[in-house]
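If you read the sequence from its start, that first residue is 1, and numbering goes on from there.
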Amino acid sequence: MATRWKSKRLAFTAWMLLIGLTAVSLVTAGDIWTHRAFLKDNYYFESPAFQEQLCAHTNLIQFMHGENRDYMKLTDEQKVGKERLAAWDASYAAMLKRSQLRIQTEHSERLEQAVQQGQGPEELARIRLEQQQDLAKAEADVAALKPKRMAEFVAYRDKQYQEAELDLRKRAGSVQYYIRDKSQGENFTTYTNIQYTPIESNLKDEALYWLKLPQTFPTESEYERTLNQYFQEKQWEGFLIVPLEPKGFSQIHRDAVYYSSIQDRIVIELGLLAACLMGMVLLGYFLYRVKTALGSTLPWRMTGWISQLPLDARLALFLAGGLTTIGLIDEIAVFTVPPHPSQLLLLLLLALILGACFCCFVMRGGSPRSLGQSERSGRKV
């Protein structure tokens, strides 16, 4: 009797371990599949997150050294631009024309009324003088708008340029650049925020990431293709460099560490998955050997009613359990430190569902009649 009880207890323990390992294996496999891209070396530097950060830097470089090269040497008219000045002139000319037409119409009506009323030459002269004064005032008012608008626009551009210059200077600790502008022939101009000339062969050891532009080989990144085309149009060549160690806060370096930690976690999960699968094989073989002892344990008896259901009903239950399992695998995130209690509860629920499916559809083998005969024969013994 003691031996049979010991066999039942051992079988039940093995069954619980098997269900737990199965749940952990599924969750681990799901997490590995979701983050499989992180296993690639330097995945962060090919990710949209990095390209978004790098794009913010290159936009400032293009703004400062491309669109606004020698900005502080420009006159106010040059800062505004010929096209914008022409548009302003056309707008003010139309505004003046409308004002002149309104003034002429008003004074013409007054002159007609004065003539109809039989007023003398002095009154008519006074109306004409007022008309000339109103026209001169309208012309002066419109003429004063352009200098005021130009001063406001130049002040806005100056502020925009200064903010971009300050922002680019602040970012020097996370992204460095060295660019030669060869658009003016041999007398090229250098745009850089570093004190040395980078050597390509040394960058592998001195930089966390570097990009030589323009590239001579095709790339799958739309951002890199656009940037490469810009360098070619401007006749630029040089390097974008992410140093090994940042100076000050750097979102790029912070994200790189985060992506690296995920990669390390996935590698550990691969080892965990291999260990779980090996344990499942050993436990499965053990349970197969002690199947009779497992048949009289509590979970086996609790799920016995399912074996009495028609095959279609059992398949529907199995499908529902499978869909629930897939949903839980997608929701469970236990590989965080510390794991949230709700995630552990979801993992327990997943184990219970797997345990029920295991009892009903694996160990029973879909043959309740033969199982009942084996249980009766076991009781006779």
Side-chain angles (χ1 to χ4, degrees), residues 9-50 254-291 294 297-300 302-303 306 314-365:
R9 186 171 57 182
L10 188 60
F12 177 73
T13 303
W15 177 83
M16 293 292 291
L17 287 175
L18 177 61
I19 298 307
L21 289 178
T22 304
V24 173
S25 297
L26 290 175
V27 173
T28 304
D31 193 59
I32 292 173
W33 178 259
T34 301
H35 300 94
R36 62 190 182 278
F38 286 82
L39 292 172
K40 186 177 181 181
D41 290 338
N42 296 325
Y43 169 66
Y44 169 66
F45 296 108
E46 300 177 3
S47 67
F50 171 71
R254 186 175 181 178
D255 290 345
V257 172
Y258 172 72
Y259 274 62
S260 178
S261 66
I262 295 180
Q263 184 184 47
D264 294 340
R265 190 190 78 194
I266 298 302
V267 172
I268 295 174
E269 289 179 14
L270 285 171
L272 175 62
L273 179 60
C276 289
L277 292 176
M278 184 178 297
M280 289 169 58
V281 171
L282 295 175
L283 289 172
Y285 176 74
F286 173 77
L287 290 174
Y288 176 77
R289 297 293 301 272
V290 296
K291 184 176 180 181
L294 183 62
T297 57
L298 178 61
W300 186 265
M302 290 179 62
T303 58
I306 299 181
R314 280 185 286 166
L315 289 176
L317 287 175
F318 183 77
L319 180 61
L323 294 176
T324 305
T325 299
I326 294 174
L328 288 174
I329 292 173
D330 188 57
E331 290 292 330
I332 294 175
V334 295
F335 299 105
T336 56
V337 180
H340 197 275
S342 62
Q343 299 297 319
L344 297 178
L345 290 176
L346 289 177
L347 183 61
L348 177 60
L349 177 60
L350 175 61
L352 292 175
I353 294 175
L354 291 173
C357 293
F358 181 79
C359 282
C360 300
F361 302 100
V362 180
M363 294 298 293
R364 290 185 180 274

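Checked by atom type and distance alone, the side chain of R265 never pairs as donor or acceptor with a backbone atom of I262 at under 3.5 Å. Between the side chain of S260 and the backbone N or O of V257, no donor-acceptor pair lies under 3.5 Å.
A 6.0 Å sphere centred on CZ of R254 holds no more than 12 heavy atoms belonging to other residues, nucleotides or ligands.
Heavy-atom minimum distance, F50 versus F45: CD2-O, 3.4 Å. Nearest heavy-atom pair across S25 and L273 is O-CD1, 3.6 Å. Between A49 and Y44, the shortest heavy-atom distance links the atoms CB-CE1, 4.3 Å. Across every non-hydrogen atom of T28 and E269, the tightest pair is CG2-O, 3.3 Å. Between E46 and K40, the shortest heavy-atom distance links the atoms OE1-NZ, 2.9 Å.
Remark: L270 CG to D31 CG distance equals 10.0 Å, nearest 0.5 Å. Expressed to the nearest 0.5 Å, how far SG of C276 lies from CG of L17 amounts to 11.0 Å. Note that CG of L21 is 9.0 Å distant from CG of L277, once rounded to the nearest 0.5 Å.
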Requested in this report: Could you walk me through whether R36 and I266 pass the side chain to side chain contact (heavy atoms under 4.5 Å, CB included) test, one step at a time?
Outcome: CA-CA 8 Å; R36 62 190 182 278; I266 298 302; over 6 Å; no
